[in-house]
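A, B, ... follow the sequence lines: proteins, then strands. Residue 1 opens every chain.
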There are 2 protein chains.
Amino acid sequence: MTQENFKSPLLTVDSVLFTIKDNSLKILLLKRKNSPFQNSWALPGGFIDVNRDDSAENTASRKLTDKTGVTPPYLEQLNTFSSKSRDPRGWSASIAYFALIAHEETNLKVTPRNDESAQWVDVESLMDETANYQPLAFDHQQIFQFALERLKQKALYSMLPVFCLPKEFTLGEYHTLIEIILGKSIQKKTLYRRFEASNMFEETGETVATGARAAMLYRLKEDAELVNFERNLG
Amino acid sequence: MTQENFKSPLLTVDSVLFTIKDNSLKILLLKRKNSPFQNSWALPGGFIDVNRDDSAENTASRKLTDKTGVTPPYLEQLNTFSSKSRDPRGWSASIAYFALIAHEETNLKVTPRNDESAQWVDVESLMDETANYQPLAFDHQQIFQFALERLKQKALYSMLPVFCLPKEFTLGEYHTLIEIILGKSIQKKTLYRRFEASNMFEETGETVATGARAAMLYRLKEDAELVNFERNLG
DNA sequence: TAGATAATTGTCCTTGAGACACTATTTGTC
DNA sequence: GACAAATAGTGTCTCAAGGACAATTATCTA
């Protein structure tokens with residue numbers, strides 16, 4: 001049985017890029033210029049360019065860098081979504097990636113004001129399918145929800161979400177971020193203990209004030225490795 | 001930018017099917033009959049048949065059922081491995097699956113004695129690259145190791161490994177299985193507590209003896225859902 | 001019937017999350 | 001300058017579940 005007996009499916013890459021902005025969790029969406037799903041919002045992605053990309057991760061990274069101007073500090077493979085019906089052009093598979101970035105570090109090529117083709121979209125608004133909800137292209141709603149689940153899961157047992165924050169951040173910002181991701185309140189003490197125990201961060205020496213006592217700024221250590229904890233947050 | 005501008009990569013599906021047999025963890029390997037890697041051992045898999053398979057999971061399941069005679073009780077997507085160099089025929093991607101089965105429930109189409117084309121291979125022997133070690137085809141060594149990591153990880157926080165055991169089994173068998181997977185000793189008491197807490201199993205009422213006190217046989221409840229624990233085993 | 005072997009249970013210890021109150025530092029108001 | 005408000009950060013007790021390990025129970029063999 002050789003490959004020639006088989007029609008080859010379409011193969012694409014799509015990424016769910018999260019950030020925290022204006023006190024809410026958002027993902028990057030693009031408005032499609034072409035058919036199918038012309039004018040629908042879709043995840044950033046596209047076909048693998050076998051002449052440029054050594055691997056699918058390469059494709060994902062390249063596409064995200066194209067759109068945001070910077071390489072996301074965290075990128076991992078999420079899942080591959082395949083079926084004969086997810087793309088009207090035929091049997092297709094999309095290798096989906098999951099990425100985090102600080103929106104402050106990005107430089108979206110096209111800002112919403114000039115052209116609505118690239119936009120940070122509030123996760124809440126995507127979950128709420130009432131009102132004037134426009135469905136995402138393809139099965140991108142499903143991919144997004146899969147990614148959101150993974151982000152929530154990882155927030156329970158790792159410091160992963162820090163990659164949504166700028167290079168220097170306060171414990172308070174981290175605390176807020178986690179509460180937004182998990183959608184419930186978490187004890188500061190618990191997060192501070194984990195933050196300390198992870199040994200991933202160092203004080204910058206600077207502090208920043210938000211109307212009250214100044215907070216210490218932290219940054220990732222040079223050689224920091226992502227730590228997994230033995231227990232989940234409740 | 002349309003799909004026509006791009007050469008489509010090859011797309012395959014491969015599965016790592018684990019079982020427990022003769023007190024060791026094994027995976028199913030097949031000897032390749034065709035080039036490339038003719039006569040090398042490889043993971044069960046192959047090209048997606050877009051006319052038969054609705055999704056890649058379908059392909060994985062179909063291939064495994066072909067080889068073992070039964071549908072594995074647990075199958076999940078693992079990761080997609082892609083690169084321009086993993087297959088000498090060109091840029092390719094393999095959607096890898098991770099599956100568990102009780103070898104007692106299988107009926108390998110070809111047994112080792114008659115034809116060595118399908119065989120349960122000891123995981124230990126695959127890790128040990130000394131001596132007369134024959135490398136697996138493609139990047140299947142890497143895929144296998146990825147799968148083994150996932151199995152170990154899941155054994156720490158779920159009852160997943162029970163799917164390596166036959167429909168009826170004892171707590172002692174489960175204990176042994178976990179110790180083999182993790183490669184270290186685990187307190188029986190801890191596992192028994194989790195087993196109870198999971199609420200996934202029920203007594204069959206039967207017992208079985210292995211030379212000493214008879215052990216209670218358990219089976220999965222009809223409506224059992226896989227439970228994840230909040231903490232990892234040490 | 002005693003001894004061996006494995007199954008199962010009891011109980012105390014330890015770790016790290018949850019609750020929650022307390023202290024510290026900065027800003028603004030009078 | 002004293003003090004109130006607000007957020008940053010700490011102390012400390014409780015609780016749940018894993019780890020250690022010994023005690024108890026059931027079954028088989030000699």
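- Ring-centre distance between F169(A) and F201(A): below the 6.0 Å cut-off.
- For dA8(D), its base sits under 3.5 Å from the side chain of R213(A) at one donor and acceptor pair at least.
- Of the candidates E173(B), E104(B), E105(B), E105(B) is the only one forming a salt bridge (charged side-chain N to carboxylate O under 4.0 Å, His left out) with K167(B).
- Using a 4.0 Å heavy-atom criterion, one finds that A215(B) contacts the sugar-phosphate atoms exclusively.
- Proximity note for Y192(A) (side chain, C-beta onward) versus dA19(C), dT7(D), dT10(D): the nearest is dT10(D).
- Checked by distance alone, K189(B) brings a side-chain donor or acceptor within 3.5 Å of a matching partner on the base of dG10(C).
- One atom, CD1 of I178(B), and another, P of dG18(D), lie 13 Å apart when rounded to the nearest Å.
- Atom pair E230(A):CD and dT14(C):P shows a separation of 18 Å (rounding to whole Å applied).
- In this entry the distance linking CD of E203(A) with P of dA8(D) reads 15 Å, nearest Å.
- Toward the 5′ end of DNA chain D lies the nearest nucleotide of F229(B), the other residue of the pair K188(B) and F229(B) mapping further downstream.
- Across all strands shown, I186(A) has no heavy atoms under 4.0 Å from either base or sugar-phosphate atoms.
- Within the 4.0 Å cut-off from OP1 or OP2 of dA17(D), not a single side-chain nitrogen or oxygen of R194(B) is found.
- Look at CE on M159(A): it is 11 Å from P on dA17(C), rounded to the nearest Å.
- If you take CZ of F169(B) and C1' of dA6(C), they are 18 Å apart, rounded to a whole angstrom.
- When each of dG9(D), dA6(C), dC21(D) is scored by its nearest atom to the side-chain atoms of Q187(B), the top-ranked nucleotide is dC21(D).
- N232(B) places its CG atom 13 Å from the P atom of dG16(C), with the value rounded to the nearest Å.
- Taking the six-membered ring for Trp and the full ring otherwise, the centers of Y174(A) and Y218(A) sit at least 6.0 Å from each other.
- The aromatic rings of Y192(B) and H175(B) sit perpendicular to each other, their planes meeting at more than 60°, with 30° as the lower class boundary.
- Rounded to an integer number of Å, the gap from CD of E196(A) to C1' of dG16(C) is 14 Å.
- Contact of R231(A) with dA17(C) (side chain to base): no donor-acceptor pair of N or O atoms is detected under 3.5 Å.
- Picking from dG19(D), dT8(C), dT26(C) the nucleotide with the shortest atom distance to the side chain of A214(A) gives dT26(C).
- Closest-nucleotide positions on DNA chain C for R193(B) and T207(A) were compared, and the one nearer the 5' end corresponds to R193(B).
- Look at CZ on F195(B): it is 15 Å from P on dG18(D), rounded to the nearest Å.
- The ring of F138(A) has its center no closer than 6.0 angstrom to the ring center of F81(A).
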